[in-house]
Enquirer: 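Shown below is the structure under consideration.
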Amino acid sequence: MPETDAIATPCVKLCSIEPLSGLCLGCGRSMREIGGWMSYSPDTRAAIMATLPQRLARLRAEVRDCVPD
């Protein structure tokens with residue numbers, strides 16, 4: 001049986017959607033992106049993954065700013 005290529009994913013198994021942004025706190029993807037991930041082309045997945053570090057940094061800064069000390 002031929003080996004299939006694994007689909008690249010940024011999932012870190014820490015699935016929690018931040019309600020204001022609608023982004024996952026674990027990977028930074030939107031619900032739409034998570035739901036459509038398997039149907040995206042490798043190029044589309046790579047393009048989304050390239051944006052995730054900046055999304056997560058912005059998201060974590062925003063969430064931290066909203067949490068009272």
Enquirer: Who are the side-chain contact (heavy atoms from CB on, under 4.5 Å) partners of S41, not counting sequence neighbours?
Expert: D43, T44
Enquirer: Hydrophobic clusters join Ile, Leu, Val, Met, Phe, Trp and Tyr when side-chain heavy atoms are under 4.5 Å apart, directly or via other members; which others share one with L14?
Expert: V12
Enquirer: Looking only at heavy atoms, what is the nearest atom pair of C24 and C15, with distance?
Expert: SG-CA, 4.0 Å
Enquirer: Can you check side chain to side chain contact (heavy atoms under 4.5 Å, CB included) on L59 and L25, steps first, answer last?
Expert: CA-CA 8 Å; L59 179 60; L25 292 168; 3.6 Å; yes
Enquirer: Could you tell me the separation between the CG atom of L23 and the OG atom of S30, rounded to the nearest 0.5 Å?
Expert: 6.5 Å
Enquirer: To the nearest 0.5 Å, what is the distance between OG1 on T9 and CH2 on W37?
Expert: 6.0 Å
Enquirer: With sequence neighbours excluded, tell me which residues meet side-chain contact (heavy atoms from CB on, under 4.5 Å) with L52.
Expert: P10, R29, I48, M49, R55
Enquirer: Under the rule for side-chain hydrogen bond (donor to acceptor under 3.5 Å, both in side chains), what residues qualify as partners of S21, not counting sequence neighbours?
Expert: E18
Enquirer: Who passes salt bridge (Lys or Arg N to Asp or Glu O under 4.0 Å) against R45, sequence neighbours left out?
Expert: none
